[in-house]
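Before I ask anything, here is the structure I am working with.
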Amino acid sequence: MRIFSGIRPTGELHIGNYLGAIKQWLALQKRAECIFCIVDLHAITTPYEPKELQKNIKKLFIAYLAAGLNPKKSIFFIQSQIKEHSELAWLLGTITPLGELKRMTQFKEKAKKHPEYINVGLLNYPLLMASDILIYNTDLVPVGKDQQQHVELSRLIARKFNNTFGKVFKEPKVFLAKSGAKIMSLTEPTKKMSKTDNPNSSIDLFDKAEDIRKKIMVATTDSEKIIKYDALRKPGISNLLTIYSCFSNKPIKEIEKEFKNIGYRIFKEKLSQLLIEKLEIFRKKEKEFKNKTAEIEKILKQGEKRAQIIASATMKKVKEKMGLSK
Ligand code: AMP
Ligand code: TRP
């Protein structure tokens, strides 16, 4: 079974990225062949600073390592280094109806957020994502809930290609976390936790202990003082319970019992302690790898070589089927 997933190197990484994606990758790494990508070509579809991009790539890869992903087991590489991804995205674009791309929720949301930056790359984003996935004959794609629609579109594109030109692609399936597939903002708990919002809305994997505590202590809750999961009526406390449960691996019911008749303040103190403890490794690894750029580059080059072999073989088949010269 083959797994493929990726994260955009856009700056800070938050606990939503960890719980929705990376934590699932860790479990899958034990039982499947995994490819984990740093999707830099996707990162440039929203406003970005060219000078920061290489720094963000390095930081993202350190986060992968700090989380416990293992380059001896899995393949890691930078998307833009394998040109076949962009090439295949173009070819897939010729069989994808425009309407499918226009109806994607992420496109609509990002277009609304950056009205001055509605570029064609943003519209074509799911085509590149489909090519990332399909080029490696992927079976499962572990992502957060917000990416489910894109994986489903990749499935549709694979089927359309196979029906039109003959079978080349597997139809990939999405893999969602049972809990933690959609972590909400700490300040506005009816919205998804996201990188670019107000800094108090997310806990970053590299946050300092005092910042983690500060953000959890001011996280939006309600006036009831009852620690109970009820996503509709108590979105704030429910989100904090989900985070507690995912990091402690305890069921929510058990946590509710543990904090019965105990106020929000103490619960938040305990959650801060738990997060500080679990995220300490990220800052530690960041220091450790600060001057090990050569080592990081070596791992990524090795991964690239392995990925390139698979990508070239798939492209050869695609071109044959489409009647293009090899
Ligand atoms: P991105 O930062 O958009 O490249 O997302 C990287 C991964 O994190 C993807 O699998 C997303 O679906 C996942 N993700 C992003 N935000 C959240 C969130 N708030 N909760 C759970 N998963 C998320
Ligand atoms: N679009 C994904 C996100 O924003 C990142 C991504 C790009 C991805 N290509 C992928 C995820 C392929 C899984 C598989 O989170």
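Just follow the structure's listing: the first ligand is 1, and inside any ligand the first atom is 1.
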- Quick one: do K55 and E52 make a salt bridge, cutoff under 4.0 Å? yes

- Among all protein heavy atoms, pick the one closest to atom 16 (N) of ligand 1 and tell me residue, atom and distance. H14 CE1, 3.5 Å

- Looking at side-chain heavy atoms only, is the closest gap between F169 and L92 below 4.5 Å? yes

- Message: Residue-level breakdown please: for R8 versus ligand 1, do any non-hydrogen atoms fall below 4.0 Å on the side chain, on the backbone, on both, or on neither?
- Response: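 Within the 4.0 Å criterion, R8 contacts ligand 1 through backbone and side-chain atoms alike.
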
- Message: Using a 3.5 Å distance criterion without hydrogens, assess whether the side chain of S248 forms a donor-acceptor pair with backbone atoms of K250.
- Response: yes

- Message: Which label fits Y125 and H42: parallel for a plane angle under 30°, tilted from 30 to 60°, or perpendicular past 60°?
- Response: tilted

- Classify the angle between the aromatic ring planes of F267 and Y244 as parallel (below 30°), tilted (30 to 60°) or perpendicular (above 60°).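 Rings of F267 and Y244: parallel, as their planes differ by under 30°.
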
- Identify the protein heavy atom lying closest to atom 11 (C) of ligand 1, giving its residue, its atom name and the separation to 0.1 Å. D146 OD1, 3.3 Å

- Query: Heavy atoms, side chains only, cut-off 4.5 Å: are F247 and I15 in contact?
  - Reply: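 With C-beta onward as the side chain, the pair touches.
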
- Item | Atoms in ligand 1 flagged as close to G180, the criterion being non-hydrogen separation under 4.0 Å | 21 (C)

- Item | Q147 side chain to Q106 side chain, donor-acceptor N/O pair below 3.5 angstrom |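 Indeed, the side chains of Q147 and Q106 share at least one donor-acceptor pair under 3.5 Å.
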
- atom 2 (O) of ligand 1: the protein heavy-atom neighbour that sits closest, reported with distance to 0.1 Å: K195 NZ, 2.7 Å

- Item | Proximal ligand 1 atoms for K182, defined as those under 4.0 Å from one of its heavy atoms |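 By the 4.0 Å cutoff, the relevant atoms are 20 (N), 21 (C).
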
- Task: Ignoring angles and geometry beyond distance, decide whether M193 reaches within less than 3.5 Å of ligand 1 through its nitrogen or oxygen atoms.
- Result: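 Yes, there is a polar N/O contact under 3.5 Å.
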
- Query: Does K270 make a cation-pi contact with F259 (under 6.0 Å, within 45 degrees of the axis)?
  - Reply: no

- Just let me know how A181 lines up against ligand 1, side chain, backbone, both or neither, with a heavy-atom cut-off below 4.0 Å.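 A181 to ligand 1: backbone contact only, side chain stays beyond 4.0 Å.
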
- Ionic contact status for K215 with D207, cut-off 4.0 Å: yes

- Query: Aromatic rings Y117 and H114: how do their planes relate, parallel, tilted or perpendicular, breaks at 30° and 60°?
  - Reply: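 Ring orientation of Y117 relative to H114: perpendicular.
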
- Nearest neighbour in protein (non-hydrogen) for atom 23 (C) of ligand 1: G16 O, 3.4 Å

- Donor-acceptor pair, K268 side chain versus M217 backbone, under 3.5 Å?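 Yes; judged by distance alone, with no hydrogens or angles, the pair exists.
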
- Note on the structure: A student checking ligand 1 against K192 at a 4.0 Å heavy-atom cut-off should list atoms 19 (N)

- Which residue supplies the protein heavy atom nearest to atom 20 (N) of ligand 1, what is that atom called, and how far is it? I183 N, 2.8 Å

- Which residue holds the protein heavy atom closest to atom 15 (C) of ligand 1, what is that atom called, and what is the gap in Å? N17 ND2, 3.2 Å

Identify all pairs of nitrogen or oxygen atoms, one from ligand 2 and one from the protein, separated by less than 3.5 Å, and list them with distances.
from     : atom 1 : to   : atom 2 : distance (Å)
ligand 2 : 1 (N)  : Y125 : OH     : 2.7
ligand 2 : 1 (N)  : Q147 : OE1    : 3.0
ligand 2 : 4 (O)  : R8   : NE     : 3.4
ligand 2 : 4 (O)  : Y125 : OH     : 2.7
ligand 2 : 4 (O)  : Q147 : NE2    : 3.3
ligand 2 : 9 (N)  : D132 : OD2    : 2.7

- Query: Hey, do the aromatic rings of F61 and F76 have their centres closer than 6.0 Å?
  - Reply: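 Yes; F76 has its ring centre under 6.0 Å from that of F61.
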
- Message: Please list the nearest protein heavy atom to atom 10 (O) of ligand 1 with its residue and the distance rounded to 0.1 Å.
- Response: G144 N, 3.1 Å

